[in-house]
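Everything on this sheet refers to the single structure shown next.
This one's a predicted model, so the numbers in the text were calculated from it and none came from an experiment.
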Amino acid sequence: MKYPFNEVEPKWRKYWEDNEVYKTDMSDVEKAIYTLVMFIYPSGSKLHCGHWYNYGPTDSWARFKKLQGNNVFEPIGYDAFGLPAENYAIKTGIHPYDSTMQNIEDIRRQLKEMGCMYDWNAELKTCVPEYYKWNQWLFLQMYQRGLAYRKKAPVNWDPVDQTVLANEQVLPDGTAERSGARVEKKMLSQWFFKITDYADELLGDLDNIDWPEKTKLMQTNWIGKSVGTQVEFKVEGFDEIIKVFTTRPDTLFGVTYVVIAPENEFVGKFTTAENKTQVAKYVEDVQSLSEIDRTSTTKEKTGVPTGTYAINPVNGEKVPIWVGDYVLASYGTGCVMAVPAHDERDFEFAKKYQLPVRKVILEEGTEPEAELTEAFTAPGTMINSGQFDGLDSVEGKEKISDYLEENKQGERQTNFRLRDWLISRQRYWGTPIPIVHCDSCGEVPIELDQLPVELPYDVDFSLGSGSPLAREEDFINTKCPKCGKDAKRDPDTMDTFVDSSWYYLRYPNPNYNEGMFDKERANNWTPVNMYVGGAEHATMHLLYARFIHKFLRDIGMVNSDEPFAKLIHQGTITNNGAKMSKSKGNVVNPDDFIVDYGSDVFRMYLMFMGPYELGGDWSDKGIVGVDRFANRTYVLFKDYEGIAKTAKSPDKFDLASLSETEKSVYRKVNQSVEKYAEELEHFRFNTAVAVMMELINELSKNIADCRDELKVYALERFATLLGPVAPHLAEEVWQTIGKEKSLFEAPVYYDVDKDALTVDSVTIAVQVQGKLRAKIDMPVDSAEEAVKEVVWADDKVKAHTDGKTVVKEIYVKNKIYNIVVR
RNA sequence: GCCGAAGUGGCGGAAUUGGUAGACGCGCCAGACUCAAAAUCUGGUAUGGGUUAACCAUGUGCCGGUUCGAGUCCGGCCUUCGGUACCA
């Protein structure tokens, strides 16, 4: 007999859908659990193994929670805006809206075949005005508070296609993915969200969320908080002051030159007439380098002197001002003080250009006169530092900062590596930015009651210069909301990460029209209890969503600080060690396995492969094992068809009344229920499946010799364990033994009989010198004396201790007895 | 370079706080069923030695340490994978 999955699976999916088994009652918040996977990008390709690996196990967790009696909400939706659809349109002429909608239809059908308990009433797509209207609303809320602003910023410019590229479209060698042209940096006016205002809170609140440590660390590094001091250097012959940021004010007496970034406005100003040609040429050379070449750490640092001198505020010393490519224009003030003795980069630069190296921090155990062969960057004792000599440099940091602040020559400052979020894209397929540019009034926001600014359908989205919307006369030309004169709409669209920064708040009320989302309902259901998605989003989506959530809190839309209380990353499934991708042609198609084994088996096999967070290399070698398990399970239940109708199981059995075989079955069932729950709770699906395999091994051996009540007891519990990981099969066997209602319609999860877990005898390992020599069975919790007697009666123990002196005997209750001899 | 994770049989992988290494599955071997094969079921399966049983030795990337006892803790390496790229 073979498990007829191709009849059973569609049958139950139809039942679930017809009876709306997975529709969540959003008003019941008592035991509410919100489980979410990162929504899906509706591309033209089919669901691949990665999707299954993400969604299947997460759904199993959600189902587990449902069986345990929680009101579980598990939605799915489509991240429907974005570049791939637009590029596809450019290639084929098929409109992004049409292809996206078609893809959503296809993907929905495939998702339904997986058999996840998605609440299809809560489906969401971001490319419809009902959704993106609220992106615009959000934008305007930020604009009003100065958190959305426009400034000139360098963008990736493709000189062949005449367009701006996203970072992802630039290959590691600095050429464009599409045209192959060398990408240039170009200054363009761009919209930004001021995420830096939230930098400190985004960092601090990482302590309050249950996320993988490595993800929190990545965000910590990305935010890059650094505490230091801004120091002011006067410039000889100029009124301007150079401000530099340093984390090492204790090394201020060791400054031997100052460096400014090539892009810094001071470059032109401070360069003397005799250095002008050289500096101008240098700046031009640097700018012609690609971003990659420019920032490569292996590249040798270069620079030229401006001919002008700065004055060190603490000792009045004149130091040369250089222009150097190792200083970033975008961090701090774009100017740094150079202390070659105590900074590796400065040391390297100083050696190359024969600039002086002055030691001001003494390493313990070294001589002040000893020449440095490399920069000494650790703390030490201050020398050559005037009144600060002899201080420990950690203390000196504070003392010098105090001194600078007292003398108004600097102040303590905290800098962040995090930059504001550039959200404008010169692309068609996205949310239009709700701003009008008027010659008289400047930037004018659209009135809230005029939203949405609809994305026009009939546009020429083929590549040309700048944003496609800029060429659409009907769209771009409008009247200024303020003065009524002719004006132009902003031609850009928003980064799709804006869409995904708040979608989880709309799932509980996807058709809400009164606002972005129903505040009360969102607050009842968020933060999301369990969020599952790829680790590649660590510093993008997962940071942006936290930022937007905090902003929404500040304008009174939500009452929590964080969007996702718990986060788990699924691992990556590779094929022959490489990431699966269409271009490599190594994508494993799940459909082939669904046809041969069914969706439950495929899902279970993915879970059984290994630890969820690790992923692994794809191999179909073991799937027959899981298939055998499913078949054996089906056959076992078939043997007891209808048994639950004739026999009822008690909540628990009295151990003393059971035969040895029954006791063994009873124990195994209870052990399994307990272990399984522990494993599934923590996303350890591989071992959860193993628990069930052990259980069926026990049942196929011994269940026949049990009384009917115990058979029912064992089978109904086994069925509930199957529920989360093999939902179709579970429903089927549940029905087979005679249960009237669907398992998920009337969720059941059984308590463990703790008495069944306690065993009356244990095997104790007997060791001599830590080496296993014997195993003895003893009553549980035996006293040392009793164990000792049995141990010393053992022949092997005698053989290994014969003629030796016993030094020590160690007894660990119920575990080991170790004898140390000499 | 820096940060993080992982290295366990032929293979995927198990192993609460240091306490019987190899659960579970694949594969392989043997047997049952069969005219035969497939499927299914039963048993065996870390490596080396051993009169093939008993038993002995070795064994969790490498070298060393702590401990009665280390896959697990400590120090130093090696390899693979992910993140990041001069952030002063």
Atom-pair distance (CZ on A:Phe629; P on B:G12), nearest Å: 23 Å
Touch class at under 4.0 angstrom, heavy-atom based, for A:Glu613 against every strand present: nothing
Sugar-phosphate only, base, or nothing, as touched by A:His800 at under 4.0 Å among non-hydrogen atoms: sugar-phosphate
B:U58 phosphate, OP1 or OP2, under 4.0 Å from A:Lys771 side-chain N/O: yes
Sugar-phosphate, base or nothing in reach of A:Lys815, heavy atoms under 4.0 Å: base
A:Asp343 vs A:Glu694, nearer the 5' end of RNA chain B by closest nucleotide: A:Glu694
C1' spacing across the pair B:G27 / B:G10, given as an integer number of angstrom: 8 Å
Spacing of the C1' atoms in B:U16 and B:A23 (rounded, Å): 15 Å
Separation between the P atoms of B:U42 and B:G25, rounded to whole Å: 11 Å
Among B:U20, B:U84, B:G83, the nucleotide that comes nearest once only the side chain of A:Leu772 is considered: B:U20
Phosphate OP1/OP2 of B:A88 contacted by A:Tyr331 side-chain N/O (<4.0 Å): yes
Nearest-nucleotide pick for A:Lys796, side chain only, options being B:C55, B:G13, B:C87: B:C55
Rounded distance (Å) that lies between atom C1' of B:C86 and atom NE2 of A:His342: 19 Å
Nucleotide of B:U40, B:A88, B:A57 approaching A:Arg628 most closely (side-chain heavy atoms): B:U40
Comparing A:Asp346 and A:Ile764 on RNA chain B - which has the more 5′ nearest nucleotide: A:Ile764
Rounded interatomic separation in angstrom, taking CD from A:Gln769 and P from B:A70: 12 Å
Residue-phosphate contact under 4.0 Å: A:Arg773 side-chain N/O, B:A57 OP1/OP2: yes
Side-chain ion pair, A:Arg358 and A:Glu317, N-O less than 4.0 Å: yes
Pair assignment for B:U42, Watson-Crick or G-U wobble, requiring both distances under 3.5 Å: B:A30
Sugar-phosphate only, base, or nothing, as touched by A:Leu217 at under 4.0 Å among non-hydrogen atoms: sugar-phosphate
Out of B:C24, B:C87, B:A57, whichever nucleotide has its closest atom nearest the side chain of A:Arg417: B:C87
Among B:A88, B:A85, B:C3, the one nearest A:Ser226 by side-chain distance: B:A88
Pair A:Val665-A:Glu698, side chain to side chain contact (heavy atoms under 4.5 Å, CB included): steps then yes or no: CA-CA 7 Å; A:Val665 167; A:Glu698 170 72 23; 3.7 Å; yes
A:Phe245 side chain, from C-beta outward: closest of B:A23, B:C87, B:A88: B:A88
Carboxylate-amine/guanidinium contact A:Lys796 A:Asp794, below 4.0 Å: no
Touch class at under 4.0 angstrom, heavy-atom based, for A:Val626 against every strand present: nothing
Neighbour count >12 (heavy atoms, 6.0 Å) for atom CD, A:Glu344: no
Sugar-phosphate, base or nothing in reach of A:Asn697, heavy atoms under 4.0 Å: sugar-phosphate
From B:U20, B:C24, B:G13, nucleotide with atom closest to A:Met693 side chain: B:C24
Under 3.5 Å donor-acceptor, A:Asn670 side chain and A:Ala756 backbone: no
Pairing partner of B:G7 (Watson-Crick or G-U wobble, both distances under 3.5 Å): B:C78
Out of B:C68, B:C56, B:C3, whichever nucleotide has its closest atom nearest the side chain of A:Val820: B:C68
Conformer about C1'-N of B:G9 - syn within 90° of 0, anti elsewhere: syn
Whole-angstrom distance between B:G49 and B:C81, as gauged at atom C1': 39 Å
Distance between C1' atoms of B:U20 and B:A46 (Å, rounded): 15 Å
Which nucleotide in B:C87, B:A88, B:C3 has an atom nearest any side-chain atom of A:Arg419: B:C87
Close side-chain approach of A:Tyr597 and A:Val626, heavy atoms under 4.5 Å: no
Sugar-phosphate only, base, or nothing, as touched by A:Lys775 at under 4.0 Å among non-hydrogen atoms: base
Touch class at under 4.0 angstrom, heavy-atom based, for A:Thr574 against every strand present: nothing
Sugar-phosphate only, base, or nothing, as touched by A:Asn818 at under 4.0 Å among non-hydrogen atoms: base
Pairwise C1' distance for B:C62 and B:C68, with rounding to whole Å: 26 Å
Backbone N/O of A:Ser226 and side chain of A:Asn415: donor-acceptor pair under 3.5 Å: no
Watson-Crick or G-U wobble partner of B:G1, both distances under 3.5 Å: B:U84
Among B:G19, B:A88, B:C56, the one nearest A:Arg345 by side-chain distance: B:A88
Carboxylate-amine/guanidinium proximity below 4.0 Å for A:Asp200 and A:Lys225: yes
Inter-nucleotide P distance (B:U45, B:C33), Å rounded: 24 Å
Ionic contact status for A:Glu678 with A:Arg684, cut-off 4.0 Å: yes
Integer-rounded Å distance: B:A88 C1' and A:Tyr326 OH: 8 Å
Euclidean distance for C1', B:U17 against B:C24 (whole angstrom): 24 Å
Nucleotide B:G12, atom P - distance to CD1 of A:Ile573 in whole Å: 14 Å
Watson-Crick or G-U counterpart of B:A57, or none if no pair lies under 3.5 Å: B:U47
Side-chain donor/acceptor contact of A:Lys808 with base of B:C68 under 3.5 Å: no
